[in-house]
Amino acid sequence: MKDLTHALSGELKHRSACLPRDDPVRWAWEEVPERAAQEIARSARCTGNDICLAAFAWALRLNASRTAAGNDDGQRDFAAVIPMSTRGEGSRTLLGNHLVAYRLRLPLSAGSFEEALDRVSAQTQAARSQRRRDAGRWLLELPPTSVGTWASRAMMSPLSAQMIASSLTLPAVGSCLGARLLGASMMYNLAGGMRSYLSFTRAQGVVRCGLAYRASWQADSVPALWRHIMVGLAPPSASSGTSTISQER
């Protein structure tokens with residue numbers, strides 16, 4: 001209920017501040033070997049997604065200090081909507097979206113990367129311990145089902161937060177449309193007032209950070225900064241036998 005309340009209050013706030021029509025959408029991405037991300041997470045005793053989110057928040061902070069966004073607003077935490085699938089064993093192949101979401105504060109105000117990671121991990125651990133996925137699944141199934149559908153749409157509304165941040169893993173495949181698949185990204189159309197969409201997609205042994213954003217945000221270098229942070233965190237053993245994590249593009 002707390003996430004739903006925040007979503008509705010955020011939607012009312014952002015609805016009053018319409019985006020200018022001359023603010024086009026941009027796309028940027030970078031990637032690191034999945035093995036490296038796993039090694040970083042193992043040494044930090046957190047999940048790989050925690051590491052990716054904390055590194056992204058720290059990259060946003062670094063980017064804000066280098067661009068015109070480097071004012072007080074550029075150092076403030078902001079909310080991201082984190083989608084969660086409610087599919088069970090019997091619904092993995094059903095058509096349509098089966099999603100709920102919770103809100104996570106990206107800690108741009110953290111004084112260090114370690115603090116940023118601690119703050120991200122505390123929020124994701126709370127979501128797990130409070131069983132928000134199960135609560136969301138129950139809400140979707142609550143009769144009448146139109147109530148659950150409305151609640152899900154409200155939590156996933158692009159107007160409820162400044163960013164949607166997803167994480168997904170694609171199954172191992174040898175090729176895609178006849179070509180060898182090297183990596184993948186989740187794409188999303190920034191329509192209906194959405195400001196940015198972030199995805200961490202795991203496929204073919206790499207984790208790709210993909211960011212769709214409004215040009216006025218000046219975020220074109222954020223994925224590269226994210227990769228730089230991940231490279232710096234990776235232990236030497238993580239780069240052995242993997243793709244060239246130590247090489248800059």
Beyond-backbone contact of [X] with [Y], side-chain heavy atoms, under 4.5 angstrom:
X	Y	result
Leu117	Trp58	no
Met230	Ile51	yes
Arg42	Thr47	no
Leu198	Ile164	no
Tyr197	Leu190	yes
Thr124	Asn49	no
Trp29	Cys209	no

Is it true that [Y] and [X] share a donor-acceptor pair across their side chains at a distance under 3.5 Å?
X	Y	answer
Ser121	Asp118	no
Arg26	Ser216	no
Ser167	Arg202	yes

**OP:** Return yes if some donor-acceptor pair links the side-chain N/O of Glu31 with the main-chain N/O of Gly183 below 3.5 Å, else return no.
**Re:**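 No.
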**OP:** For Asn63 and Gln218, indicate whether the former's side chain and the latter's backbone hold a donor-acceptor pair under 3.5 Å.
**Re:**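 A pair under 3.5 Å: yes.
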